[in-house]
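Just the heavy atoms: all of them, side chains too, but no hydrogens, waters or symmetry mates, feed the values below. Atoms within each ligand, like the ligands themselves, are counted from 1 in listed order.
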Amino acid sequence: MVDERRYSIFDEKILRDELDALHANPVHIDSTWRFILAHKNAEAYDTPDLPLRVRTLFSTKFKTMTSYVHTQHDSLDGRTTKLLIKFQNGLSAEAVIIRHDSSAGKYAGGPRTGAARATLCVSSQVGCKMGCTFCATGTMGFKGNLSAGEIVEQLVHASQITSIRNVVFMGMGEPMNNYFAVVQAVKTMTGRCFQLSRKHITVSTVGIIPKIIALKADLPDVSLAISLHAPTQELRAEIVPAARSFPLSKLIAAVDAYLVGSKSTVFMEYVMLAAVNDGQEHAHQMGKLLNGRKVVVNLIPYNPTTVTMQFKASGSTEVLKFQKILKEVYGIRTTVRQEMGQDIDGACGQLHVSHLSNKPSRPNSTVLDIEDLGLIK
Ligand SMILES: C[S@@+](CC[C@H](N)C(=O)[O-])C[C@H]1O[C@@H](n2cnc3c(N)ncnc32)[C@H](O)[C@@H]1O
Ligand code: SF4
């Protein structure tokens, strides 16, 4: 596993420290970022009006981005674009753009701008060590953490294709296992250059309890999504191994603590697996578990992958029955996610980069219709 310090120009903390050491004005950060955003493949030191010492710093340590778009695939309907991004250490991760507005249809053959409400699904790690049984990324194992700069660079690449309004940490990896980089990346994305609203950022976690509590203090206004997937500890531990370390009762207690004094809603993700967790009894157990809490359940159709073939997607009848019980018997707001990008393996849990492309070498779910959930604002 390779994870040495990498000098991304978008790694705000490292960049600020280096500029401080030179007694240089941090205003150069914003102007340089804007320059790079506006000029694809620009070198940082080409930014106009840089003092010599800053130009020298940029040309030696922060020359340019630490990643590039290796491949880009557009879905047939033009609404989803998957980017395979290669990083300086040779690892690769995927980021997916999802377009929500009516201009999405025009995108397929038309200009690559103008989708005003696009969401970017970013990766926080290459692979993941949590091993959820139905997730393609989980089968890859853990290859490495992305730095804050590398996470932000996914937004830079995507912004050069279309205008991004929402960011969801639902790509490869468990964001809470790379907590400090994720927090730093969100701070940069919501800072003066990118200006995303914190309310438009969603961090999705399998349920790393201590970090859920920390997130409330560190990034109070972001949306939190918990990947629940089962209403009992026994079933959850079977399909989500992390539940063995972070039991369901403690996870629900952490959600309660998170909700105290918070204006935000917590989203409960539930992937619908045929004959595993989609029965009416499971819906009643979920209803009792979540009753009275300010949560929204998001039922996710299972996206088949070649590496998780033991599962099948629930039929639409089961999904709708499940939703009806939660809504009508327990009064829990429940939506069914419309998945997009399946034809390019760009949907949730389909993000899997082959081991070949993830050997360190050279320098250098997707999510839909979450509008209804308030994830897209
Ligand atoms: C890939 S994860 C990344 C974020 C974080 N690690 C988590 O588990 O919440 C994003 C979402 O995709 C879901 N997911 C994983 N595999 C899936 C699959 N095959 N079909 C549908 N959703 C899946 C996860 O359960 C989670 O809710
Ligand atoms: S669902 Fe999330 S936590 Fe589980 S293996 Fe996939 S990326 Fe990791």
Side-chain angles (χ1 to χ4, degrees), residues 82 93-96 98 119-143 145-146 151 154 167-179 182 201-209 211-212 215 222-230 236-246 251 255 266-274 276-278 296-314 319 335-342 345-353 365-370 373 375:
K82 182 167 81 166
E94 293 173 317
V96 184
I98 306 119
T119 291
L120 178 68
C121 178
V122 292
S123 294
S124 53
Q125 298 183 308
V126 179
C128 180
K129 58 175 77 151
M130 304 318 281
C132 299
T133 48
F134 45 81
C135 173
T137 306
T139 66
M140 285 174 64
F142 176 64
K143 306 287 171 194
N145 278 326
L146 296 182
I151 297 171
Q154 295 171 58
V167 170
V168 294
F169 283 80
M170 293 190 181
M172 292 169 69
E174 169 49 49
M176 301 300 198
N177 285 347
N178 187 16
Y179 184 75
V182 167
I201 308 255
T202 300
V203 177
S204 176
T205 176
V206 72
I208 312 294
I209 292 171
K211 295 296 189 291
I212 292 173
L215 191 76
V222 302
S223 297
L224 174 68
I226 305 280
S227 293
L228 199 65
H229 308 314
R236 192 161 191 268
E238 252 178 57
I239 57 178
V240 177
R244 297 171 205 157
S245 308
F246 301 107
L251 179 57
V255 169
V266 172
F267 299 91
M268 295 290 185
E269 311 288 300
Y270 196 99
V271 61
M272 296 292 288
L273 304 168
V276 175
N277 65 356
D278 66 345
V296 174
V297 174
N298 187 11
L299 301 178
I300 315 174
Y302 166 65
N303 293 313
T305 82
T306 51
V307 282
T308 60
M309 282 174 47
Q310 68 275 35
F311 295 108
K312 296 224 168 340
S314 303
V319 176
T335 58
V336 180
R337 184 184 291 173
Q338 174 203 345
E339 288 288 346
M340 301 199 310
Q342 285 175 328
D345 281 355
C348 273
Q350 289 185 314
L351 300 185
H352 175 284
V353 178
S365 95
T366 298
V367 192
L368 271 291
D369 215 21
I370 35 193
L373 299 177
L375 283 174

* Asked: Are any non-hydrogen side-chain atoms of H229 and E269 less than 4.5 angstrom apart?
  -> yes
* Could you tell me whether the side chain of P301 reaches within less than 4.5 Å of the side chain of R337, counting heavy atoms only? =>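 In short, these two side chains touch, coming nearer than 4.5 Å.
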Do you know the tightest heavy-atom contact between [X] and [Y]?
{"X": "A93", "Y": "S123", "value": "CB-CB, 3.9 Å"}
{"X": "D278", "Y": "S314", "value": "OD2-OG, 2.9 Å"}
{"X": "Q154", "Y": "L120", "value": "O-CD2, 3.7 Å"}
{"X": "R236", "Y": "V206", "value": "NH2-O, 2.7 Å"}
{"X": "Q125", "Y": "F142", "value": "NE2-CE1, 3.4 Å"}
{"X": "C121", "Y": "I98", "value": "CB-CD1, 4.3 Å"}

* Rounded to the nearest 0.5 Å, what separation is found between the CZ atom of F169 and the CE atom of M176? -> 10.5 Å
* In terms of atom number and element, which parts of ligand 2 are under 4.0 angstrom from non-hydrogen atoms of G138? ->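 Ligand 2 atoms under the 4.0 Å threshold to G138: 5 (S).
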* Structure fact -> For C128, the ligand 2 atoms with a heavy-atom partner under 4.0 Å come out as 3 (S), 5 (S), 7 (S), 8 (Fe)
Below 4.0 Å from any atom of ligand 1, is there a heavy atom belonging to [X]?
{"X": "T205", "value": "yes"}
{"X": "F311", "value": "no"}
{"X": "P301", "value": "yes"}
{"X": "T137", "value": "no"}

Does any N or O atom in [X] lie less than 3.5 angstrom from one in ligand 1, N or O only?
{"X": "I300", "value": "no"}
{"X": "E269", "value": "no"}
{"X": "S227", "value": "yes"}
{"X": "T305", "value": "no"}
{"X": "A136", "value": "no"}

Please could you name the atoms of ligand 1 that [X] approaches to less than 4.0 Å, counting only its heavy atoms?
{"X": "G173", "answer": "3 (C), 4 (C), 5 (C), 6 (N)"}
{"X": "C135", "answer": "15 (C), 16 (N)"}
{"X": "F169", "answer": "4 (C)"}
{"X": "Y302", "answer": "18 (C), 19 (N), 20 (N)"}

* Asked: When you look for heavy atoms under 4.0 Å from ligand 1, do you find them on the side chain of H229, its backbone, both, or neither?
  ->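 Side chain only.
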* **Within reach of ligand 1, part of V271 (heavy-atom separation under 4.0 Å)** => side chain
* Derivation of the side chain to side chain contact (heavy atoms under 4.5 Å, CB included) call for F134 and V240 -> CA-CA 9 Å; F134 45 81; V240 177; 4.1 Å; yes
* Asked: Which protein non-hydrogen atom lies closest to atom 2 (Fe) of ligand 2, naming both residue and atom, and how far is it?
  -> G173 O, 4.4 Å
* Which protein non-hydrogen atom lies closest to atom 6 (Fe) of ligand 2, naming both residue and atom, and how far is it? ->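 Minimum-distance protein heavy atom for atom 6 (Fe) of ligand 2 reads C135 SG, 2.4 Å.
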* Asked: Applying a strict 4.0 Å limit to heavy atoms, is S227 in contact with ligand 2?
  ->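 Heavy atoms of S227 never come under 4.0 Å of ligand 2.
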* Does the shortest distance from atom 4 (Fe) of ligand 2 to an N/O/S atom of C132 fall below 2.8 Å? ->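 Looking at C132, which is the residue asked about, there is an N, O or S atom under 2.8 Å from atom 4 (Fe) of ligand 2.
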* Asked: Strictly by modelled atom types, are E174 and T205 linked by a side-chain donor-acceptor pair under 3.5 Å?
  -> yes
* How far apart are the C-alpha atoms of L228 and L251, what are their side-chain angles, what is the distance that settles it, and do they pass the side chain to side chain contact (heavy atoms under 4.5 Å, CB included) test? -> CA-CA 9 Å; L228 199 65; L251 179 57; 4.0 Å; yes
* Asked: Are L146 and V122 close enough, and set up right, to give a side chain to side chain contact (heavy atoms under 4.5 Å, CB included), and what steps lead you there?
  -> CA-CA 11 Å; L146 296 182; V122 292; over 6 Å; no
* Asked: Considering only heavy atoms, which of C128, S204, G171 lies nearest to atom 3 (C) of ligand 1?
  -> G171
